[in-house]
Amino acid sequence: MRLQEIKDAILAGNPGLNTEIKNKNELFVYADKDNIIKITECMFRDFRMYFAGEFCMQEDMFVISVILTSRKQGYFVIIRYETEGELISLQGLANQSGLFEREIRDLFGLEIVGAIDNRHLVKHEEWEKDVYPLCKDFTYGRKIRNLNETEVYRFKEVTNGGGYQIPVGPVHAGIIEPGHFRFSAIGEPIENLEIRLMYKHRGIEKICENTDINRLNLILERVSGESSVAYAEAYALLIEKILDYNLPEDIKAVRVVLLELERTYNYLDDIGGICLDVGFSYPAKKFAYLSEMIHQLCERITGSRFLRNVIVPCGLNSKITLANKADILETLQMVEKRFDGLLDITLNAVSFLDRVEDTGIVENKIAKSLNMTGVVARASDIHYDVRKSFPYEIYQSLKKEINFEKTGGAFERYKIKIAEIKDAFLFIRQALNLVENDVNKCREKINIEPGVEGFSIVETVKGELIVYGKTGLNNRFERLYMRTPSFMNWEGLTFAVLGEIVPDFPLCNKSFNMSYSENDR
């Protein structure tokens, strides 16, 4: 069904409702608090929409936006309403909505009406009691003081007399970021897992409201280090969509090369980490070595191991030469040859298969109920990839099939990451076929008028990233919001570990490999 047809159908059932189509694939529905639940329910029932997020912005009143997507048709429906201080809960109707409502409550101070779960999400016990960092009266640059004024977080208690709890984190050994895992166990099997994150609220969305549009790519690239290219791409797509700007094909092709190089070194690290967590150190070290080869390649062609400050709105901030092209192809050939040999070692090792097969399973119905995205969703038989449903750059001609598995376990996530690496090799070569000459650095100074808004969407190594922006005065954003894939996917890990033994948690966790920093934005 086309977007105009949905608009007409909504108006037929709700005469007098204001609606508006923007940016070709975004339908805005302006509701009020009294009918928000009715309209959202209608979108699920009649149009099979997916709940993708919910966020707030402050104008004369607080404005709540519920993000729905059509994965088959590739468009957004945004249901929007104004409120003075109440947030109408969609918990029980839209799965995962509670996470977004609790985040809004902590960042803006709205009270959730009809909530099943209204515990704090961002605010931890050491926070000041009445401080809301995304409100306009919270001064930019102000620090949140550690006054220990917020009530203690309520974890689920063990009710069985023989049960016990294992607290892990938030401080971990090594370089892992802060996150608290509260295991409830009876003997060895895990009966329940609660994950608490967001220990380091960095105020990135506040920073974005106070930074010139031309410098924001540097900020977004640092939201999550392993997805620097994908975040830069999402920001560039947002600006280009708002401006209705079309890039030359060779720049689009180079962007795909960068995105797939990022996918390659991340998934090499991921599958190496899975091997390491089951004690299979030889392939783990070799996969890490191949990842390092890709990192060194990235540094040779752009000056950055993480390909930072290369993708910019309306252009490219680095020259990619034919010599770079040859270097990429030669390096891929070396990596691919060694990669295939390592796969044979792991896939034929009985001790490895014994640990990963039928471990950490998330069933399809659970994955759907949690609106999971990315590899962890596709491992549970969810056939969704942003590159196919919302194609950008040249992915429409590249991404023909979706890699998926049915069982939803650690081994399935392992196999899909392997398939994604193989696809990346293919996509990079196909994209480079479109690069016949040097692609010169091309960067324009961007100026956008106030009051323009839009959404972009990208498939990162973690899954579906959605970025919303509305421009304000002085070439800055009035609001820039990021619905990160990890924010949506972390909850899946709590189901993956159920019934597994405690020592298998690291394996389950690594097979998901979600980002802490995406939540700490």
Side-chain angles (χ1 to χ4, degrees), residues 20-28 30 52-59 62-69 74-80 100 103-104 107-108 133-136 140 202-224 227-247 255 311-315 386 390 392-393 443-460 464-485 487 518 521:
E20 183 179 12
I21 294 177
K22 299 182 180 180
N23 303 315
K24 299 177 182 178
N25 73 335
E26 301 165 10
L27 172 61
F28 288 80
Y30 302 97
E54 189 173 357
F55 68 96
C56 177
M57 55 185 173
Q58 186 178 6
E59 297 178 343
F62 292 105
V63 180
I64 307 297
S65 296
V66 179
I67 311 169
L68 308 177
T69 60
Y75 52 70
F76 297 89
V77 174
I78 301 92
I79 307 173
R80 181 172 284 177
F100 297 90
E103 182 183 49
I104 291 170
L107 296 178
F108 288 91
L134 283 188
C135 284
K136 296 301 182 184
Y140 175 58
R202 293 178 288 167
I204 289 177
E205 291 174 2
K206 191 77 169 185
I207 294 172
C208 291
E209 295 175 6
N210 292 274
T211 303
D212 186 275
I213 279 174
N214 291 283
R215 293 177 56 82
L216 273 181
N217 67 295
L218 300 173
I219 305 297
L220 269 78
E221 286 175 337
R222 285 154 178 82
V223 173
S224 186
S227 301
S228 290
V229 184
Y231 274 83
E233 172 74 5
Y235 179 63
L237 290 176
L238 174 66
I239 298 295
E240 289 155 8
K241 187 179 187 182
I242 288 173
L243 295 176
D244 196 19
Y245 187 97
N246 192 32
L247 287 168
R255 286 185 174 182
I311 294 180
V312 294
C314 305
V386 175
F390 294 82
Y392 48 96
E393 307 304 4
R443 182 166 192 173
E444 300 183 15
K445 187 172 178 61
I446 308 298
N447 289 285
I448 300 182
E449 62 184 23
V452 184
E453 63 182 336
F455 288 82
S456 65
I457 183 168
V458 166
E459 181 75 22
T460 78
E464 173 194 71
L465 167 67
I466 298 175
V467 177
Y468 165 82
K470 181 178 181 180
T471 57
L473 301 174
N474 303 317
N475 212 37
R476 297 178 180 180
F477 277 98
E478 179 73 17
R479 180 77 167 99
L480 193 73
Y481 169 74
M482 288 159 272
R483 203 311 310 278
T484 68
F487 189 77
E518 285 188 336
R521 68 191 190 283

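Numbers here are sequence positions counted from 1. FYI, side chains are in, hydrogens and waters are out, and symmetry mates aren't considered; it's all heavy atoms of this structure.
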How close do [X] and [Y] get, counting heavy atoms only, and between which atoms?
| X | Y | value |
| --- | --- | --- |
| Cys135 | Gln58 | CA-OE1, 3.3 Å |
| Ala52 | Thr69 | CB-CG2, 3.9 Å |
| Thr460 | Ala230 | CG2-CB, 3.6 Å |
| Glu444 | Tyr245 | OE2-OH, 2.8 Å |
| Ser65 | Arg80 | OG-NE, 2.9 Å |

Side-chain heavy-atom pair [X], [Y] within 4.5 angstrom cut-off:
| X | Y | answer |
| --- | --- | --- |
| Glu518 | Pro485 | yes |
| Glu233 | Leu465 | no |
| Arg483 | Phe100 | yes |
| Arg479 | Glu59 | no |
| Phe62 | Ile104 | no |
| Arg202 | Arg222 | no |
| Glu205 | Leu480 | no |
| Tyr392 | Val458 | yes |

Rounded to the nearest 0.5 Å, how far apart are [atom1] of [X] and [atom2] of [Y]?
| X | Y | atom1 | atom2 | value |
| --- | --- | --- | --- | --- |
| Asn217 | Ser228 | CG | OG | 11.0 Å |
| Arg255 | Glu393 | CZ | CD | 5.0 Å |
| Lys241 | Asn246 | NZ | CG | 14.5 Å |
| Phe76 | Ser456 | CZ | OG | 7.5 Å |
| Asn210 | Tyr140 | CG | OH | 5.5 Å |
| Lys470 | Met57 | NZ | CE | 5.0 Å |

>> side-chain contact (heavy atoms from CB on, under 4.5 Å), that's the test. Do Lys24 and Asp244 meet it? Break it down for me.
In response: CA-CA 10 Å; Lys24 299 177 182 178; Asp244 196 19; 3.9 Å; yes
>> Would you say that more than 12 heavy atoms from the other residues, nucleotides or ligands in this model lie under 6.0 Å from the CG of Asn447, or not?
In response: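 More than 12 heavy atoms, drawn from other residues, nucleotides or ligands, come within 6.0 Å of this atom.
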> Quick one: ring pair (Phe, Tyr, Trp, His ring centres under 6.0 Å) partners of Tyr235, sequence neighbours excluded?
Replying inline: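 Ring pair (Phe, Tyr, Trp, His ring centres under 6.0 Å) list for Tyr235, sorted by chain: empty.
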>> According to ring pair (Phe, Tyr, Trp, His ring centres under 6.0 Å), who are the partners of Phe55, at least two apart in sequence or on a separate chain?
In response: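 Partners of Phe55 by the ring pair (Phe, Tyr, Trp, His ring centres under 6.0 Å) criterion, ordered by chain and then number, come out as Tyr468, Tyr481.
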> Yes or no on side-chain contact (heavy atoms from CB on, under 4.5 Å) for Thr211 and Arg476, after CA distance, side-chain angles and deciding distance?
Replying inline: CA-CA 6 Å; Thr211 303; Arg476 297 178 180 180; over 6 Å; no
>> Under a 3.5 Å distance rule, please check whether Glu459 uses its side chain to pair with a backbone N or O of Val386 as donor and acceptor.
In response: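 Checked: pair present.
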>> Show, in sequence, the C-alpha distance, side-chain angles and deciding distance for Glu449 and Thr471, and conclude whether the side-chain contact (heavy atoms from CB on, under 4.5 Å) test is met.
In response: CA-CA 7 Å; Glu449 62 184 23; Thr471 57; 5.7 Å; no
[X]: partners by side-chain contact (heavy atoms from CB on, under 4.5 Å), with sequence neighbours left out:
| X | result |
| --- | --- |
| Asn214 | Asp212, Lys445, Ile446, Asn475 |
| Lys22 | Glu20, Glu26, Phe28, Tyr30, Glu453 |
| Ile219 | Ile204, Ile207, Cys208, Leu216 |
| Ile242 | Leu238, Ile448, Val452 |

> Going through the checks in order, is the side-chain contact (heavy atoms from CB on, under 4.5 Å) test met by Cys314 and Leu243?
Replying inline: CA-CA 9 Å; Cys314 305; Leu243 295 176; 4.1 Å; yes
